[in-house]
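Note that the structure is a prediction, hence the values are computed from the model and not measured. Residue numbers start from 1 in every chain, and the chains themselves are labelled A, B, ... in the order their sequence lines are given, proteins ahead of strands.
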Amino acid sequence: MAKILIIDDAKFTRTMLKKMINELGHEILEAADGREGLDTICNEQPDIVLCDIHMPEMDGMELLKILNETHTNVSVIVVSADIQDETREKCIDLGASEVINKPPDKEKLKAAIEKLLNKGKED
Amino acid sequence: MVTPTDRQLDALKKIVNTGMEKAAGTLNDMLGSHIELKAPSIVMFDPEKPGEEFSDLDNGELASVQRSFHGSFSGSSVLVFLPENAVKLVAALTDEKPGSEELEALMVDTLNEVGNILINTLIGTINNLLSAHIDFAQPNYREGKFHDLLKPLDSEKIEMFLLIRTNFKVEDPQVNGNIILIFELDSTRNLLSAIDKL
């Protein structure tokens with residue numbers, strides 16, 4: 001069982017993601033913006049972070065930058081409504097493992113999580 | 001004064017249609033229901049002289065999610081519902097009963113996120129086709145009369161702008177909605193210039 005942190009200011013999306021991850025049997029942590037998410041990453045060391053981009057306080061891009069600069073060892077899957085090509089490229093450049101569009105497709109999310117967990121085992 | 005040519009209008013309608021098809025696809029994924037689309041209408045809109053084309057939205061209070069955007073193009077986008085349709089949509093998405101306290105507590109958050117997803121998908125598709133990029137402000141839920149909702153949040157200036165209206169209809173629950181895109185005058189020139197380069 002992995003520990004997965006969901007960072008999104010929209011309760012609607014957190015609820016949708018929680019339902020999907022519950023079915024996969026993983027432990028779930030939640031945060032409503034990037035700052036709260038960063039604190040949770042430091043305190044709880046999740047295996048995977050599912051992170052929105054556009055959020056108040058600290059957005060997903062800023063969080064990715066901080067994780068990148070501090071060499072924090074956590075895999076981030078960006079889950080965002082922003083489907084612009086440039087946004088996707090920026091997220092990958094900042095170290096995101098995957099970018100999934102909202103509303104998240106359950107099978108795509110499951111495959112992305114399994115890929116990262118398997119990669120973690122190999123490492 | 002900017003007047004799009006027939007070729008520009010035709011190309012813009014096709015691009016907006018492509019964006020709306022994708023946005024309808026996301027709503028279909030969320031609701032599991034067929035979404036019917038109407039062809040978009042595109043007009044140079046003068047807020048001082050509103051025409052008849054929005055008379056169906058002009059009769060009372062509306063629920064809306066507004067997002068302004070800046071970048072290759074600047075303007076704002078508004079997802080508009082009649083209030084009873086907004087309630088039906090949130091009830092279908094959250095499995096809460098219309099009129100319940102639980103539903104009331106989820107209304108703004110859920111509509112903001114639906115607006116976020118639909119508007120991003122529509123404008124993101126347009127931008128990808130035109131090799132453009134914009135940044136969005138946070139979504140903002142507002143209730144009011146149609147013409148008040150068209151006023152930008154961050155500006156008092158009222159001038160003529162390019163207005164794109166799209167309309168979608170969810171089959172079950174029966175919900176009508178509109179996404180309205182407003183491009184400021186300078187951005188209208190940039191948009192038409194990007195279309196000319198296609």
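Atom CG of residue Asn101(A) and atom OG1 of residue Thr121(B) lie 7.0 Å apart, to the nearest 0.5 angstrom.
If you measure heavy-atom distances from Ser131(B) to chain A, you find no contacts under 4.5 Å at all. Contacts of Ala132(B) with chain A are made by backbone atoms alone, with heavy-atom separations under 4.5 Å and no side-chain atom involved. Leu27(B) does not touch chain A: none of its heavy atoms, backbone or side chain, sits under 4.5 Å away. Ile134(B) touches chain A through backbone and side chain together, each having a heavy atom under 4.5 Å away. If you measure heavy-atom distances from Thr15(A) to chain B, you find no contacts under 4.5 Å at all.
Identified by a heavy-atom distance below 4.5 Å to chain B, the contributing residues of residues 73-84 of chain A are Ala81(A), Asp82(A), Ile83(A), Gln84(A), in residue-number order. Contacts with chain B (heavy atom to heavy atom, under 4.5 Å) involve these residues of residues 48-71 of chain A, listed by number: His54(A), Met55(A), Pro56(A).
Cluster annotation: Ile113(A) is not connected to Val99(A) through the hydrophobic network of ILVMFWY side chains, with a link wherever side-chain heavy atoms come within less than 4.5 Å. Follow the hydrophobic side-chain contacts under 4.5 Å out from Leu117(A) and you reach Leu24(A) in the same cluster. Transitive grouping of hydrophobic side chains (ILVMFWY, heavy atoms separated by less than 4.5 Å) keeps Ile41(A) and Leu116(A) in distinct clusters. Cluster membership check: Met20(B) shares its hydrophobic cluster with Leu9(B), using side-chain heavy-atom separations under 4.5 Å among Ile, Leu, Val, Met, Phe, Trp and Tyr. Hydrophobic clustering keeps Leu5(A) apart from Leu109(A) (ILVMFWY residues linked when any side-chain heavy atoms are closer than 4.5 Å, directly or through intermediates).
Under the 4.5 Å side-chain criterion, counting only non-hydrogen atoms from C-beta, Thr87(A) is in contact with His133(B). Using a 4.5 Å cut-off on side-chain heavy atoms (C-beta onward), Lys102(A) and Glu113(B) make contact.
Checked by atom type and distance alone, the side chain of Asn128(B) pairs as donor or acceptor with a backbone atom of Asp85(A) at under 3.5 Å.
Glu84(B) CD: more than 12 foreign heavy atoms inside a 6.0 Å radius. More than 12 heavy atoms of other shown residues, nucleotides or ligands fall within 6.0 angstrom of atom NZ in Lys3(A). For NZ of Lys106(A), the number of neighbouring non-hydrogen atoms (other residues, nucleotides, ligands) closer than 6.0 Å is 12 at most. The number of heavy atoms from other shown groups lying within 6.0 Å of CG (Asp6(B)) does not exceed 12.
Between Pro103(A) and Asp29(B), the shortest heavy-atom contact is CG-CB, 4.2 Å.
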How far apart are the C-alpha atoms of Phe12(A) and Leu106(B), what are their side-chain angles, what is the distance that settles it, and do they pass the side chain to side chain contact (heavy atoms under 4.5 Å, CB included) test? CA-CA 8 Å; Phe12(A) 173 72; Leu106(B) 293 170; over 6 Å; no
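Ranked by heavy-atom pairs under 4.5 Å with chain A, the first of Asn112(B), Asp135(B), Ile117(B) is Ile117(B). Of the residues considered (Met16(A), Glu86(A), Lys11(A)), Glu86(A) shows the highest number of contacts with chain B, using heavy-atom pairs under 4.5 Å.
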